[in-house]
Amino acid sequence: MSNASLTSTARATRAAMVRFDTIDPAALDVGFATLRELGFDAVDLPLVWSKHEASAGRFDFDARERGARSIHGAIDAARRAGLAVRVRLGPRCVEGEPGFGVPRTVIDDPAVIARNARRGAVIEPISLTPTAAPSFASRVFIDRCAAWIRAATRAVGESGFDRIDSLTVGAGTFAPLRDPIDEDRHPDAGPVPAERAERAERADRIALAWYEALANAALESGAPEDKLRCSLIGPRTAAPAAHSIAARFPVDCALPFTSVGSEALWAEVSDAVATSAHGARFDVQCGSSPFARPLRNRDAAAVARVAIAAGASEIVLRYAWCGEGWVGSLLDPKGVAQRVAQRWRALFDECSAIAPTVHEGDATPVARPSGWLSPISRGWLAQFGLLDHHEVRGDQTLSELELECDVSRAVLARRSDGQLVLLSTTMTPATVRDPRQRWIPGGEHTMQPGAVAVFHRREDRAS
């Protein structure tokens with residue numbers, strides 16, 4: 001953990017990812033206004049590569065024939081609704097699309113494909129479709145990705161970079177099942193070392209070179225450096241080259257699913273905040289594509305609650321609004337709120353008083369958890385809690401603040417800038433005691449299952 005100072009801001013900002021290219025442009029004004037009413041501050045707009053490159057090297061951003069492709073129309077509608085705008089360029093930025101958004105003209109090139117130990121293609125399942133995975137070391141793939149980033153950056157810039165808050169390049173935060181980097185035998189990747197630590201270092205070098213090529217392409221095409229972000233492959237603590245990337249840029253990262261438990265989620269957020277010198281934004285998965293593992297909105301909301309309580313300054317609800325073909329969208333295709341959307345309004349109201357922790361200064365890397373299935377993506381394993389990762393015990397977070405609880409491992413606690421945040425992690429009530437009454441009036445507070453409580457430092461105990 002770094003010795004750098006920790007400061008807090010008013011509350012976590014909330015962004016809704018919107019697949020605007022799947023929605024009738026006529027519905028955007030209604031839908032964005034609805035998202036604003038639900039408590040969202042911003043929209044996150046993926047610009048999908050495969051929607052704009054029909055043939056190699058030829059990009060089409062003209063939306064006159066298919067207006068749903070117009071990034072400028074989506075930006076205009078979001079700003080009319082009073083929402084900030086973030087644009088993510090990928091190249092692999094969305095699930096449910098063939099190639100995760102990489103065009104067939106790229107995937108069909110043998111020079112692009114990652115190779116396994118038998119020199120065959122590395123295959124990853126995408127919506128139940130076996131798909132060849134690109135090699136992040138392939139010079140051809142790097143060049144094609146950089147060409148896309150340059151073209152997409154220039155297209156976004158035509159609207160004016162002052163109209164967006166950020167531009168994100170990278171892999172999309174979600175983690176594919178197969179790992180196309182760690183065991184890649186592509187000729188451009190070089191030999192695979194026998195030692196696990198050396199393989200991890202090799203994977204980091206490959207990933208970092210890919211991210212640097214994307215970032216440089218965006219900067220060369222006019223993207224302001226202070227608005228550029230990198231999207232990691234999976235959670236912050238498991239993604240390849242995560243610390244090197246976070247040392248240069250703000251990062252977007254995935255949060256594990258609720259099945260990993262509140263303590264592991266709390267540790268993931270705490271570590272990411274403390275080890276990301278330029279800030280970390282957290283993506284929470286909302287719903288799923290028809291052929292993917294079902295994800296319930298109440299589970300996504302539980303993950304978001306832990307993230308906010310643990311100090312996240314920004315969360316993004318992935319696929320908050322999609323057209324047909326996505327299970328769990330908060331709005332219907334016409335922009336009308338579904339019943340499930342009220343859960344998020346209630347969550348935002350519940351957490352509105354929680355100040356996030358923002359790390360400032362240098363960051364110290366934490367030990368990266370180890371994996372046990374080499375062909376499986378580390379990021380995918382991390383999302384399901386299948387890596388050897390340390391956890392923060394609730395009892396430890398309480399004892400550090402000289403607090404006590406009558407139920408073991410029932411409550412997690414965080415202090416930031418004169419504020420104490422408590423989060424219940426059990427299905428039974430638990431009473432937190434503050435013997436010195438520095439925070440809790442009367443010296444104790446009973447936490448209901450799953451609840452969050454906020455207290456402020458009591459300068460005068462009689463107050």
Side-chain angles (χ1 to χ4, degrees), residues 1-2 4-17 39-42 44 84 86 165-166 168 173-174 229-232 234-239 242 246 249-258 260-286 299-318 320 344 347-360 363 366 382-383 389 391-392 394 397 412-417 419-425 450-454:
M1 190 72 75
S2 170
S5 63
L6 296 177
T7 61
S8 66
T9 56
R11 65 162 175 78
T13 59
R14 316 113 169 204
M17 178 187 278
F40 288 96
D41 307 303
D44 186 299
R86 296 136 180 208
D165 279 14
S166 64
T168 301
T173 75
F174 62 90
R229 304 181 67 93
C230 287
S231 180
L232 303 179
R236 166 69 176 84
T237 56
F249 300 101
V251 292
D252 293 0
C253 42
L255 281 174
F257 301 129
T258 186
V260 306
S262 296
E263 289 176 321
L265 281 166
W266 184 283
E268 177 66 38
V269 173
S270 299
D271 286 350
V273 169
T275 59
S276 301
H278 302 281
R281 178 186 294 164
F282 299 94
D283 282 11
V284 180
Q285 183 81 318
C286 175
D299 292 337
V303 170
R305 180 183 289 104
V306 176
I308 294 171
S313 61
E314 300 181 74
I315 64 167
V316 179
L317 189 59
R318 289 182 65 85
W344 291 90
L347 173 68
F348 293 153
D349 288 344
E350 176 189 4
C351 298
S352 61
I354 300 176
T357 299
V358 181
H359 188 273
E360 295 180 348
V366 295
Q383 286 180 304
H389 194 293
E391 289 189 4
V392 172
T397 65
L412 288 158
R414 173 179 66 91
R415 182 183 65 185
S416 178
D417 195 26
Q419 184 182 83
L420 173 71
V421 180
L422 302 177
L423 173 71
S424 167
T425 64
V452 173
V454 179

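Nearest heavy atom pair, residue T258 against residue A302, reads OG1-CB, 4.1 Å. The minimum heavy-atom distance between R281 and V316, with the atom names listed, is CD-CG2, 3.4 Å. Of all non-hydrogen atoms in A413 and T397, the two that sit nearest each other are N-OG1, 3.0 Å. Closest non-hydrogen pair, F249 versus C230, comes out as CD1-SG, 3.7 Å. Closest approach of A239 to L232, counting heavy atoms only: CB-CB, 3.8 Å. A280 and S313 get closest at one heavy-atom pair: O-OG, 4.1 Å.
For S231, the side chain to side chain contact (heavy atoms under 4.5 Å, CB included) criterion is met by R88, T168, T173, D252, not counting sequence neighbours. For A312, the side chain to side chain contact (heavy atoms under 4.5 Å, CB included) criterion is met by V269, F282, A307, I315, not counting sequence neighbours. Among residues two or more places apart in sequence or in another chain, the ring pair (Phe, Tyr, Trp, His ring centres under 6.0 Å) test is passed with F348 by F40. Applying the side chain to side chain contact (heavy atoms under 4.5 Å, CB included) criterion to T13, with sequence neighbours excluded, gives D41, R86, E314. Judged as a side-chain hydrogen bond (donor to acceptor under 3.5 Å, both in side chains), and not counting sequence neighbours, the contacts of R305 are E350.
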I'd like to know whether Q285 forms a side chain to side chain contact (heavy atoms under 4.5 Å, CB included) with F174, so could you lay out the CA-CA distance, the side-chain angles of the two residues, the decisive distance to 0.1 Å, and finally the verdict.
CA-CA 8 Å; Q285 183 81 318; F174 62 90; 5.6 Å; no
Go through it in stages, so that I can follow the logic: the residues are C351 and R11, the test is side chain to side chain contact (heavy atoms under 4.5 Å, CB included), and I'd like the CA-CA distance, side-chain angles, deciding distance and then a yes or no.
CA-CA 8 Å; C351 298; R11 65 162 175 78; over 6 Å; no
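Here E268 contributes atom CD and L255 contributes atom CG; the two are 6.5 Å apart, rounded to the nearest 0.5 Å. Distance check: D44 CG to L317 CG gives 10.5 Å after rounding to the nearest 0.5 Å. A distance of 8.5 Å separates CG in L412 from OG in S270, rounded to the nearest 0.5 Å. Note that CE of M17 and CZ of R318 are 4.0 Å apart. Values are rounded to the nearest 0.5 Å. Taking OG from S166 and CZ from R229, the interatomic distance works out to 6.0 Å, rounded to the nearest 0.5 Å.
Put simply, the side chain of Q419 gets close to the backbone of A353: a donor and an acceptor are under 3.5 Å apart. Under the 3.5 Å distance criterion, the side-chain polar atoms of S352 are matched with a main-chain donor or acceptor of D349. Side-chain atoms of R14 come within 3.5 Å of backbone atoms of G39 as a donor-acceptor pair (strictly under, hydrogens ignored). At least one donor-acceptor pair under 3.5 Å links the side chain of S424 to the backbone N or O of G450.
Residues P235 and Q383 are in side-chain contact: their nearest non-hydrogen atoms beyond the backbone lie under 4.5 Å apart. Within the 4.5 Å cutoff, side-chain heavy atoms of L265 are placed close to those of V260.
A side chain to side chain contact (heavy atoms under 4.5 Å, CB included) with I308 is found for exactly one of L423, I354, V452, V421, namely I354.
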